[in-house]
Amino acid sequence: MDKIEVEDHHPVATYKRDALFLGLSGIFLTSLVLGNVIGTTKFVTIFSLELAPWMQAIVPALVRDGSTYTMSVPVGVIAYPFTFLATDLLSELFGRKKAQLVVWVGFWMNVFMLFLMSVNHWLPNSAGVSGGLQLFEGVYGFMIGNTVASMIAYLTAQTIDVRLFHFWKEFTNGKHLWLRNNASTTVSQLVDSTAILTILYLAGNLGQDIDTLGKLIILILNSYLFKFFFALFDTPFFYLGVKLFKDFEEDPSEHSLYDK
């Protein structure tokens, strides 16, 4: 069996390294495709909070209903933060080029999914046989707008995430893992939330109640706040992943987290 020698570490079987890369890529691609399919078909309430008077003074009236603040996000958003965790682990363990490769694979997977769904939409329906024609057409209608908007926002945000991650890695000479994890993700997720919801708003693919820029801003803020806190929450898991898979590292940069 082929082995890959990693300096200062135990030899790692090639297939195990490939399995880790494919596993992280699978998490990334599954979260990405699922998020695009379900997209804005449903909005869910993460939590509602009664604000104390002093909190009402600092929380803009635009993002609350009287004294109540409710975090409501599209279901697609819940899947999407896992893509940033996966790309950060890919960036740390396998380097910028491989992480960027997975981003491009995800982009073309969306194009392929769009093509397959469109072909099925164009083919004539077999009357009396289809068990969920209206469901299919409804999902297809939402998916088209969601996927096109997502592809634009996704490619921009994920590319920013990968590049910022390696900027901070080089800037800190491979130290301060938490900094590159959070500084790259929080910025790129703001770009993503703003871009995708703005495109969907302009395309008329949001609910009929989202009819003003103010309401759009509320959605963007809620979506970003969810992603922001998720990014902070996933930091321990990022450290755990890097620790567990340190023997798999093959980042070609000169800034290894494991240098003695």
Side-chain angles (χ1 to χ4, degrees), residues 24-25 27-44 46 63 71-92 96 99-111 113-114 142-168 179-203 205-207 210 213 215-235 237-238:
L24 291 173
S25 300
I27 292 173
F28 174 86
L29 297 171
T30 301
S31 301
L32 175 66
V33 172
L34 176 64
N36 286 340
V37 171
I38 61 179
T40 57
T41 55
K42 179 181 179 181
F43 277 73
V44 295
I46 303 299
V63 297
M71 177 174 282
S72 177
V73 299
V75 286
V77 166
I78 295 177
Y80 204 59
F82 289 97
T83 64
F84 287 93
L85 176 59
T87 49
D88 282 353
L89 283 170
L90 287 167
S91 292
E92 181 66 30
R96 183 178 68 82
Q100 188 67 53
L101 171 64
V102 174
V103 170
W104 277 109
V105 169
F107 175 82
W108 290 111
M109 275 188 62
N110 276 298
V111 174
M113 179 183 67
L114 210 57
F142 266 97
M143 193 207 70
I144 290 294
N146 286 332
T147 303
V148 171
S150 175
M151 284 165 59
I152 297 171
Y154 150 82
L155 194 58
T156 304
Q158 289 288 357
T159 299
I160 289 173
D161 182 58
V162 171
R163 292 186 177 277
L164 279 179
F165 185 94
H166 284 278
F167 166 78
W168 287 112
L179 176 62
R180 57 181 176 273
N181 174 227
N182 290 296
S184 62
T185 301
T186 52
V187 172
S188 55
Q189 288 187 343
L190 177 59
V191 173
D192 178 72
S193 295
T194 303
I196 189 170
L197 288 172
T198 300
I199 294 170
L200 289 174
Y201 171 75
L202 295 175
N205 218 42
L206 296 176
I210 310 302
L213 285 176
K215 294 178 180 179
L216 172 63
I217 292 172
I218 294 174
L219 288 183
I220 292 174
L221 288 175
N222 278 339
S223 176
Y224 177 66
L225 283 174
F226 174 79
K227 293 178 181 179
F228 176 83
F229 286 113
F230 188 98
L232 298 181
F233 175 77
D234 79 10
T235 301
F237 295 97
F238 181 62

Which one of Val105, Thr87, Leu89 satisfies the side chain to side chain contact (heavy atoms under 4.5 Å, CB included) criterion with Phe28?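 Result: among Val105, Thr87, Leu89, Thr87 is the only option passing the side chain to side chain contact (heavy atoms under 4.5 Å, CB included) with Phe28.
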
Can you give me the closest heavy-atom contact between [X] and [Y], atom names plus distance?
| X | Y | value |
| --- | --- | --- |
| Thr83 | Leu32 | CG2-N, 3.8 Å |
| Ala99 | Ser91 | CB-OG, 3.3 Å |
| Gly106 | Leu29 | CA-CD2, 3.4 Å |
| Ser188 | Ser184 | OG-O, 2.8 Å |

Please round to the nearest 0.5 Å and tell me the distance separating atom [atom1] of [X] and atom [atom2] of [Y].
| X | Y | atom1 | atom2 | answer |
| --- | --- | --- | --- | --- |
| Leu197 | Ile217 | CG | CD1 | 11.5 Å |
| Phe82 | Leu34 | CZ | CG | 10.5 Å |
| Gln189 | Tyr224 | CD | OH | 7.5 Å |
| Leu225 | Ile46 | CG | CD1 | 11.5 Å |
| Lys42 | Ile78 | NZ | CD1 | 9.0 Å |
| Met109 | Trp104 | CE | CH2 | 15.5 Å |

Can you pull out every salt bridge (charged side-chain N to carboxylate O under 4.0 Å, His left out) where at least one residue sits in residues 182-198? Sequence neighbours excluded, please.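 Listed once each, the pairs are Asp192-Lys227.
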
Does anything in residues 146-168 pair up under salt bridge (charged side-chain N to carboxylate O under 4.0 Å, His left out), and if so which pairs, sequence neighbours excluded?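 As it turns out, there is no salt bridge (charged side-chain N to carboxylate O under 4.0 Å, His left out) pair with a partner in residues 146-168 once direct neighbours are skipped.
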
Side-chain heavy atoms of Phe107 within contact of Asn110, under 4.5 Å: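 No, their side chains stay 4.5 Å or more apart.
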
Check whether any side-chain heavy atom of Thr198 sits under 4.5 Å from a side-chain heavy atom of Ile220, and report yes or no.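 Answer yes - side chains close enough.
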
Please list, chain by chain and in numerical order, all residues satisfying ring pair (Phe, Tyr, Trp, His ring centres under 6.0 Å) with Phe237, sequence neighbours excluded.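 Phe237 satisfies ring pair (Phe, Tyr, Trp, His ring centres under 6.0 Å) with Phe233 once adjacent residues are dropped.
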
